[in-house]
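What follows is a single structure, written as structure tokens, with notes after it.
For this chain, numbers begin at 1 and follow the sequence in order. Given the structure is predicted, the values throughout are model-derived calculations rather than measurements.
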Amino acid sequence: MATGPAPTPTRIALVSFPGVRAFDVSVITEVWGVDRTDRGVPPFDLRRIAADPAPIPLRGGLSLTPDRTLSWLTRADLIVVPGLDDHLTPAPAPVLEALRRAHARSTPIAALCGGAFTLAQAALLDGRRAVTHWNLTDLLRAHHPRVTVVPDALFLHDDNIWTSAGTAAGIDLCLHLVRTTHGAEAAAAIARSMVTAPFRTGTQAQFIEHPTPHTDRDADTLAAVRAHALTHLAEPHTVTGLAARARMSPRSFARHFQATTGTTPLRWLITQRIAAAQKLLERTDLPLPEVARRTGFGSEITMRQHFATQLATSPRDYRLAFRHTLGQPEVDMERPHP
């Protein structure tokens, strides 16, 4: 039986030059450079781009051999810039000019961690919001005062440019870019193979160094409350009700919850409900009101409002973009899964 033509691979450009971080190069390669089509992940065509084909030394005795020059950026669907070992490393002028031309063509550009400094050198962040590792925010502000540096986001988007916080947040951003272009199931498949979470809630505020607090004896209780909420998403939840389950006052519960997760209880709950709704929209043909009921939004209108706020799309359009072939087993979001 004919299966139709193979899908065209998404073309990803990894921009490299002396000084880029080996870790970030590895993250980009692990997300987009591994063939996972046997697990339902779309094909990717990852190319290592540099100003010339000479091998690029990386820290730790490693090296990166480019397979395309900067001219290939005109074909790229997405450009990803790794972070830097020395965050003030000047990028080659041809690289900066190529990035400026790519942005003018409306090609999405993402920078991991200190890669924000490279985009700032290209003046691509002037007048825009950007994030980097929390320990580098003052340095980025000092050297690039026209950039609006956001101190605590894991990653953010402004005018077709993505930036992320340090190290693991680069993984978060890469998986988010897969999720927004190919759906939650593709991102989840990649995350499972990397043994990491498909997405993390909260901000990097939860990782910023502060004086060591007293041991939080309520951490296990809060984890149990979150687990309960996840396995009962269809039920209505309030801060008061969750606090009662934790045997805390609502004010104390909210304070401990934000210290632990980096976000508020209700924002965390909305994030979990959106993720559950995404799965149902991709994997089932359930009517939208039923998806809203199963994921705890209560009504299709409420679900649509949260999709618009968080994903800049509607549930209906999301389903059209990312729906899988019907016939797969229906997911029951009201019961825990093994």
Side-chain angles (χ1 to χ4, degrees), residues 10-35 44-103 107-125 130-137 139-140 142-144 147 155 161-175 177 190 193-194 196:
T10 301
R11 297 179 295 268
I12 312 295
L14 190 170
V15 173
S16 55
F17 53 88
V20 297
R21 295 182 70 215
F23 180 88
D24 291 351
V25 169
S26 298
V27 167
I28 297 165
T29 303
E30 183 65 26
V31 171
W32 285 292
V34 177
D35 184 356
F44 300 117
D45 181 11
L46 175 66
R47 299 293 175 174
R48 293 162 290 280
I49 310 299
D52 62 65
I56 296 171
L58 305 177
R59 182 173 290 181
L62 304 174
S63 66
L64 182 151
T65 302
D67 52 19
R68 294 291 187 275
T69 57
L70 293 168
S71 61
W72 196 82
L73 294 184
T74 59
R75 303 178 58 193
D77 299 307
L78 170 67
I79 297 169
V80 189
V81 181
L84 306 167
D85 288 322
D86 179 349
H87 308 294
L88 298 180
T89 297
V95 170
L96 299 178
E97 179 57 30
L99 291 173
R100 285 191 285 266
R101 289 197 300 268
H103 183 256
T107 303
I109 301 175
L112 310 190
C113 192
F117 285 81
T118 300
L119 299 190
Q121 288 178 43
L124 292 179
L125 300 183
V131 65
T132 188
H133 190 288
W134 57 264
N135 200 36
L136 300 174
T137 54
L139 187 66
L140 185 58
H143 285 267
H144 300 283
V147 180
F155 55 82
I161 293 177
W162 296 87
T163 51
S164 77
T167 315
I171 301 175
D172 294 326
L173 174 55
C174 291
L175 291 175
L177 292 170
I190 296 173
S193 69
M194 294 175 65
T196 188

Flag, side chain of [X] to backbone of [Y], donor-acceptor distance under 3.5 Å:
| X | Y | answer |
| --- | --- | --- |
| Gln121 | Thr89 | yes |
| Ser26 | Ala22 | yes |
| Asp24 | Gly83 | yes |
| Ser63 | Pro55 | no |
| Ser16 | Ile49 | yes |
| Ser164 | Cys113 | yes |

Next on the checklist: I'd like to check the side-chain hydrogen bond (donor to acceptor under 3.5 Å, both in side chains) partners of Thr69; sequence neighbours left out, ordered by chain and number.
Outcome noted: Ser71
Item to check | Asp45/Arg11 ion pair, N-O < 4.0 Å | outcome: no
Item to check | side-chain contact (heavy atoms from CB on, under 4.5 Å) between Phe17 and Leu96, worked out | outcome: CA-CA 11 Å; Phe17 53 88; Leu96 299 178; over 6 Å; no
Closest approach of [X] to [Y] (non-hydrogen atoms, all atoms of both residues):
| X | Y | value |
| --- | --- | --- |
| Leu73 | Ala98 | CD1-CB, 3.8 Å |
| Val131 | Phe155 | CG1-CA, 3.9 Å |
| Ala50 | Ile56 | CB-CD1, 3.8 Å |
| Ala116 | Leu125 | O-CD1, 3.3 Å |

Checklist entry - So Leu175 and Thr196, side-chain contact (heavy atoms from CB on, under 4.5 Å) or not? Walk me through it. => result CA-CA 10 Å; Leu175 291 175; Thr196 188; 4.0 Å; yes
To the nearest 0.5 Å, what is the distance between [atom1] on [X] and [atom2] on [Y]?
| X | Y | atom1 | atom2 | result |
| --- | --- | --- | --- | --- |
| Leu119 | Ile161 | CG | CD1 | 6.0 Å |
| Ile12 | Leu46 | CD1 | CG | 7.0 Å |
| Thr118 | Leu99 | OG1 | CG | 8.0 Å |
| Leu78 | Thr10 | CG | OG1 | 9.0 Å |
| Leu62 | Phe23 | CG | CZ | 13.0 Å |
| Thr29 | Arg48 | OG1 | CZ | 6.5 Å |

Checklist entry - Would Leu112 and Leu173 satisfy side-chain contact (heavy atoms from CB on, under 4.5 Å), going step by step from the backbone distance to the final call? => result CA-CA 8 Å; Leu112 310 190; Leu173 174 55; 4.0 Å; yes
Are any of the side-chain heavy atoms of [X] and [Y] separated by less than 4.5 Å?
| X | Y | result |
| --- | --- | --- |
| Ile171 | Met194 | yes |
| Ser193 | Val34 | no |
| Val147 | Phe117 | no |
| Trp162 | Ile109 | no |
| Thr132 | Thr163 | no |
| Pro108 | Ile79 | no |
| Leu177 | Cys174 | no |

Next on the checklist: Could you go through Leu124 and Arg100, starting from their C-alpha distance and side-chain angles, then the distance that decides it, and tell me whether this counts as side-chain contact (heavy atoms from CB on, under 4.5 Å)?
Outcome noted: CA-CA 7 Å; Leu124 292 179; Arg100 285 191 285 266; 4.1 Å; yes
